[in-house]
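I have placed the structure first, in the form of structure tokens, so that the comments after it can refer back to it.
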Amino acid sequence: NDVLHINLVGKDDSKIPDDIEILSLVSRWKNREEQLGNILNLYCSGKDGVRALVFTSTKLGCEQLASSKAVVQSGIVSLPLHGDMSQNARENALEAFRSRRVKCLIA
């Protein structure tokens, strides 16, 4: 019984593929929408194939960010993804992200 263990968790940066960049930012609640809009503009605007996966701490925050004025004005199509959505809506959001119709998924 040969077992192969693959560890993708830890501090070893070599485990992250070269074409993936991880940003971890903490922002004040009142500034988060504007900051995300700026980050999306900086990293995703006009760049083919570049996508963003954004994690929030709450389902409400997820919905608010995805539909916020700053994110919408960034021109980057974003969708929410959280447990209160129907299974069909979650699958549609994931498929849109995989197929690159949506550049930003906010979970």
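Here salt bridge (Lys or Arg N to Asp or Glu O under 4.0 Å) pairs that include residues 97-107, with residues two or more places apart or in two chains, are Glu95-Arg98. The salt bridge (Lys or Arg N to Asp or Glu O under 4.0 Å) pairs that include a residue from residues 51-74 are Lys59-Asp84, where partners are two or more places apart or lie in different chains. A side chain to side chain donor-acceptor pair (under 3.5 Å) check over residues 70-80, counting only residues at least two apart or in different chains, returns nothing.
Contacts of Val72 classified as side chain to side chain contact (heavy atoms under 4.5 Å, CB included), with partners at least two apart in sequence or in another chain: none.
Rounding to the nearest 0.5 angstrom, the gap separating the CE atom in Met85 from the CD atom in Gln87 is 10.0 Å. Once rounded to the nearest 0.5 Å, the distance linking OG of Ser68 with CD of Glu34 reads 10.5 Å. Rounding to the nearest 0.5 Å gives a distance of 10.0 Å between SG of Cys104 and CD1 of Ile39. Here NE2 of His82 is found 8.5 Å from OG1 of Thr56. Values are rounded to the nearest 0.5 Å.
Contact between Cys62 and Pro80 at its shortest, heavy atoms only, is SG-CB, 3.6 Å. Nearest heavy atom pair, residue Ser99 against residue Ala96, reads OG-O, 3.4 Å.
When hydrophobic residues (I, L, V, M, F, W, Y) are linked wherever their side-chain heavy atoms come within less than 4.5 Å, the members clustered with Val102 are Leu53, Phe55, Val77, Leu79, Leu81, Leu94, Phe97, Leu105. Other residues sharing a hydrophobic cluster with Ile76 under the 4.5 Å side-chain heavy-atom criterion for ILVMFWY residues are Leu36, Leu40, Val54, Leu65, Val71, Ile106.
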